[in-house]
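Take a look at the structure below.
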Amino acid sequence: MKIKDHKGRIIPVPGSVKFDTGNDVATSISEELVEKLDLLPDGNKKRRVTGAGGTVVHCSMVEITVIIRKRRYRRLALVGAKAPGTDLLIGMDIIKSLNDKDYTLGK
């Protein structure tokens, strides 16, 4: 899996990626990965997200482009709303598109 950095280069994701079929909210990215890619979150675009255990967080958004199986997905990702130990959490906003193209997830 690859991701576009701030210079427009397509590089392998420098971190842990998980696909979350239970995530109907949005794809999310860690603050650490945002820094590594030198992306600029939009502090004016915030989204209220209820996480595990009912905790509510207000997340900035950042535009990302990920490449999965040679398909390019451009999305606004939540910054910081992620699973522990995960840098990029792919949600159903992308997984549904993969399913529509008859891709399956697995080894």
Side-chain angles (χ1 to χ4, degrees):
M1 179 167 180
K2 296 182 179 185
I3 193 165
K4 187 187 284 189
D5 69 8
H6 78 287
K7 292 183 179 178
R9 294 177 300 195
I10 304 298
I11 61 170
V13 176
S16 172
V17 179
K18 290 185 184 172
F19 288 78
D20 185 359
T21 58
N23 176 359
D24 287 325
V25 178
T27 292
S28 60
I29 187 169
S30 71
E31 292 169 351
E32 296 82 11
L33 185 52
V34 168
E35 272 187 41
K36 282 181 188 176
L37 299 172
D38 202 21
L39 301 176
L40 297 173
D42 187 342
N44 294 321
K45 291 182 183 178
K46 292 209 176 207
R47 189 160 172 192
R48 183 177 181 256
V49 179
T50 303
T55 56
V56 176
V57 291
H58 295 283
C59 297
S60 295
M61 306 291 287
V62 67
E63 187 175 299
I64 63 169
T65 300
V66 294
I67 294 84
I68 303 170
R69 297 188 177 173
K70 298 183 183 179
R71 295 207 174 268
R72 190 174 295 246
Y73 297 94
R74 189 171 155 199
R75 297 288 190 274
L76 278 178
L78 298 166
V79 177
K82 61 176 188 68
T86 305
D87 293 296
L88 184 61
L89 188 67
I90 303 295
M92 288 304 293
D93 55 327
I94 292 176
I95 295 171
K96 283 179 187 174
S97 295
L98 289 167
N99 288 341
D100 290 346
K101 303 291 183 198
D102 290 329
Y103 285 105
T104 58
L105 301 176
K107 294 181 179 183

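Below, all heavy atoms of this structure are taken into account, side chains as well, without hydrogens, waters or symmetry copies.
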Beyond-backbone contact of Val13 with Asp87, side-chain heavy atoms, under 4.5 angstrom: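 Sidechains of Asp87 and Val13: no contact.
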Heavy-atom side-chain proximity of Thr27 to Val66 below 4.5 angstrom | no
Contacts of Lys101 meeting side chain to side chain contact (heavy atoms under 4.5 Å, CB included) (sequence neighbours excluded), chain-then-number -> Arg71, Tyr103
Who passes side chain to side chain contact (heavy atoms under 4.5 Å, CB included) against Thr65, sequence neighbours left out?
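Residues passing side chain to side chain contact (heavy atoms under 4.5 Å, CB included) with Thr65: Lys4, Ile67, Arg72, Arg74.
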Over all heavy atoms of both residues, which pair between [X] and [Y] is shortest? Give the atoms and the distance, please.
| X | Y | result |
| --- | --- | --- |
| Ala77 | Ser28 | CB-CA, 4.3 Å |
| Ser60 | Lys46 | OG-CE, 3.9 Å |
| Thr86 | Ser30 | O-CB, 4.0 Å |

Let's go through Met92 and Thr21 carefully: what are the C-alpha distance in whole Å and the side-chain angles of both, what is the deciding distance for side chain to side chain contact (heavy atoms under 4.5 Å, CB included) to 0.1 Å, and is it a yes or a no? CA-CA 6 Å; Met92 288 304 293; Thr21 58; 4.1 Å; yes
- prompt: Taking Arg75 for the side chain and Ile94 for the main chain, is one N or O donor matched with an acceptor at less than 3.5 Å?
  reply: no
- Message: Evaluate Tyr73 against Ile90 for side chain to side chain contact (heavy atoms under 4.5 Å, CB included), listing each step before the verdict.
- Response: CA-CA 11 Å; Tyr73 297 94; Ile90 303 295; over 6 Å; no
Measuring from [X]:[atom1] to [Y]:[atom2], what's the distance to the nearest 0.5 Å?
| X | Y | atom1 | atom2 | answer |
| --- | --- | --- | --- | --- |
| Leu37 | Leu33 | CG | CG | 4.5 Å |
| Ile29 | Lys36 | CD1 | NZ | 10.5 Å |
| Leu78 | Leu89 | CG | CG | 9.5 Å |

Just to verify, what does [X] make a side-chain hydrogen bond (donor to acceptor under 3.5 Å, both in side chains) with, not counting sequence neighbours?
| X | result |
| --- | --- |
| Asp100 | none |
| Asp42 | none |
| Asn99 | none |

Inset, instruction - I would like to know whether Ile3 and Ile11 meet side chain to side chain contact (heavy atoms under 4.5 Å, CB included); could you show each step before the answer? - result: CA-CA 6 Å; Ile3 193 165; Ile11 61 170; 4.2 Å; yes
- Would you check, one step at a time, whether the test side chain to side chain contact (heavy atoms under 4.5 Å, CB included) holds for Asp5 with Asp38? CA-CA 7 Å; Asp5 69 8; Asp38 202 21; over 6 Å; no
Notebook entry, point to check: Do the side chains of Ile10 and Met1 join up, straight or via other hydrophobic residues, at under 4.5 Å, putting them in one cluster?
Noted result: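 No, because Ile10 and Met1 fall into different hydrophobic clusters, even though each may have its own neighbours under 4.5 Å.
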| ILVMFWY clustering at 4.5 Å (side-chain atoms), partners of Leu40 |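 Under the 4.5 Å side-chain rule, Leu40 groups with nothing.
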